[in-house]
Amino acid sequence: MALTSMTGFARAAGAGHGYRWTWELRSVNSKGLDIRLRLPPGFDHLDQPVRERVGRAVQRGSIQIGLSLQRETSVAALRVNEELLGQVLDLVRRVGHQIDAAPPTLDGLLSIRGILESVEAEDDPEIAAGLAADLLADLETALSELVAVRDREGAAIGAVLAGRMDEIERLKDAAETAPARTTEAIKKRLADQVAALLEASNQLDPDRLHQEAVLLATKADIREELDRLTAHVVAARALLAEGGAVGRKLDFLAQEFNRETNTLCAKANDRSLTAIGLDLKAAVDQLREQVQNLE
């Protein structure tokens with residue numbers, strides 16, 4: 001599955017049944033699926049069908065949906081008032097034998113006021129149903145375009161994230177092979193520190209100083225952080241390959257990257273390792289920014 005962004009815009013327009021309309025859909029980042037719908041007065045019956053269709057199309061994001069509707073002409077339909085017609089026919093049957101009169105004709109019956117009614121489109125169930133069906137069909141068109149836009153943006157973000165993973169791995173490898181982490185460099189640094197302390201005061205216990213130096217060296221070791229960074233890179237690449245709605249998982253991993261990088265910087269006791277740690281923090285921050293956009 002492809003990665004999907006939570007940002008996008010789409011529009012679809014249509015006309016029919018005496019109306020012209022335009023759907024506009026905007027999608028931005030959100031922790032969950034938040035649908036904000038704005039419909040014209042009299043079209044509240046579309047609220048639930050719209051939400052159902054959006055829920056099937058996207059899984060996460062704040063979706064703002066607006067329907068603008070303009071009437072082109074007054075569309076009317078003719079409808080027979082069945083109740084009134086029945087009353088007239090009953091009356092004809094009751095009094096027809098009492099007078100010498102010709103039976104009523106169709107045009108005569110329809111000419112009676114109230115028998116034939118003119119009904120506006122929105123008041124006619126069939127026309128209203130047809131209008132609603134066409135509106136929802138164009139909504140589906142707009143949703144398809146929105147999904148396509150989010151997919152294209154997701155693919156671009158995926159390429160950026162893959163680059164960030166390469167950068168993080170490169171910096172992790174640089175920290176792994178930094179000269180300051182070699183056994184010889186660590187021994188020399190500790191020996192120099194112990195010698196400086198002994199030179200400053202002859203009252204210090206050399207054995208105790210060596211024990212403290214070894215303890216500090218152990219606390220400053222970044223082996224665990226490097227191993228975790230390696231595992232996080234593997235997990236992030238697996239999620240990128242998996243695709244789909246993995247934004248939350250990648251966001252969690254980005255927080256873990258940030259935690260390990262901060263610890264590495266805190267433990268760094270060499271200028272070169274500190275520089276690598278700062279570059280790692282910059283790469284992780286860029287990773288977190290991009291991950292926020294994913295579904």
Side-chain angles (χ1 to χ4, degrees), residues 1-15 20-40 43-44 46-69 132-168 232-258 282-295:
M1 295 177 65
L3 293 173
T4 301
S5 169
M6 285 191 286
T7 60
F9 174 80
R11 176 189 287 116
R20 300 188 70 84
W21 59 81
T22 302
W23 288 100
E24 285 194 354
L25 282 63
R26 299 178 186 273
S27 174
V28 295
N29 300 350
S30 178
K31 291 184 178 180
L33 178 59
D34 179 22
I35 302 173
R36 302 184 181 184
L37 183 57
R38 188 180 70 255
L39 294 171
F43 287 83
D44 293 340
L46 295 179
D47 185 279
Q48 189 60 31
V50 169
R51 293 180 184 277
E52 290 175 355
R53 283 162 174 77
V54 175
R56 291 196 295 266
V58 300
Q59 298 184 44
R60 192 173 168 220
S62 177
I63 316 296
Q64 301 176 20
I65 304 172
L67 171 63
S68 59
L69 198 67
D134 287 349
L135 287 171
L136 292 175
D138 282 337
L139 171 66
E140 293 279 9
T141 300
L143 278 172
S144 296
E145 176 60 23
L146 180 67
V147 169
V149 171
R150 285 164 51 112
D151 285 347
R152 288 194 295 270
E153 180 68 17
I157 293 174
V160 173
L161 292 178
R164 294 286 77 79
M165 286 298 101
D166 291 343
E167 178 70 3
I168 290 172
H232 295 339
V233 168
V234 172
R237 283 177 171 157
L239 287 173
L240 291 175
E242 175 186 336
V246 295
R248 288 181 182 276
K249 295 179 181 179
L250 283 170
D251 187 37
F252 173 77
L253 265 181
Q255 295 177 42
E256 294 299 309
F257 273 116
N258 189 60
V284 170
D285 284 344
Q286 293 170 356
L287 172 72
R288 295 183 69 184
E289 288 176 4
Q290 293 296 330
V291 164
Q292 298 297 320
N293 296 319
L294 286 180
E295 185 177 65

Find the distance between OG (Ser68) and CZ (Arg20) and round it off to the nearest 0.5 Å.
-> 10.5 Å
When Val246 is tested against each of Thr4, Val291, Leu239 for side-chain contact (heavy atoms from CB on, under 4.5 Å), which residue passes?
-> Leu239
Looking only at heavy atoms, which two atoms of Ala236 and Met165 are closest? And how far apart?
-> CB-SD, 3.4 Å
Exam field: side chain Trp23 to backbone Glu140, donor-acceptor pair closer than 3.5 Å | no
Taking every non-hydrogen atom, the tightest pair across Ala162 and Leu240 = N-CD1, 4.2 Å
Crowding at CZ, Arg36 (>12 non-hydrogen neighbours, <6.0 Å) | no
Residues Lys249 and Glu256 bridged, charged N to O under 4.0 Å = no
If every non-hydrogen atom of Ile168 is compared with every non-hydrogen atom of Ala283, which pair is closest and at what distance?
-> CG1-CB, 3.9 Å
Working for side-chain contact (heavy atoms from CB on, under 4.5 Å), residues Leu37 and Gln48 = CA-CA 10 Å; Leu37 183 57; Gln48 189 60 31; over 6 Å; no
Non-hydrogen atoms of Ala132 and Leu46 that approach each other most closely | CB-CD2, 3.9 Å
CG of Leu161 to CG of Asn293, rounded to nearest 0.5 Å, is 9.0 Å
Carefully, step by step, assess Asp285 and Asn258 under the rule side-chain contact (heavy atoms from CB on, under 4.5 Å).
-> CA-CA 8 Å; Asp285 284 344; Asn258 189 60; 4.2 Å; yes
Backbone N/O of Leu146 and side chain of Arg150: donor-acceptor pair under 3.5 Å = no
Donor-acceptor contact below 3.5 Å, side chain Glu153 vs main chain Gly8 | no
Side chain of Ser27, backbone of Ile63: donor and acceptor closer than 3.5 Å?
-> no
Gap between atom CZ of Phe43 and atom CG of Leu69 - 0.5 Å precision = 4.5 Å
Which heavy atom in Ala10 sits nearest to a heavy atom in Ala142, and how many Å separate them?
-> CB-O, 3.3 Å
Do Arg51 side-chain atoms and Ile35 backbone N/O form a donor-acceptor pair below 3.5 Å?
-> yes
Are the side chain of Arg288 and the backbone N or O of Gln255 linked by a donor-acceptor pair below 3.5 Å?
-> no
Determine yes or no for a side-chain-to-main-chain donor-acceptor pair under 3.5 angstrom, with Arg53 supplying the side chain and Ala137 the backbone.
-> no
CZ of Arg11 to CD of Glu24: how many Å apart, nearest 0.5 Å?
-> 4.0 Å
In this structure, CG of Leu139 is separated from CG of Leu25 (nearest 0.5 Å) by 6.0 Å
Minimum heavy-atom separation for Arg60 to Ser30, with atom names?
-> NE-O, 3.2 Å
Enter the distance from Thr7:OG1 to Ile157:CD1 here, rounded to the nearest 0.5 Å.
-> 6.0 Å
Any side-chain heavy-atom pair of Leu33 and Gln59 under 4.5 Å | no
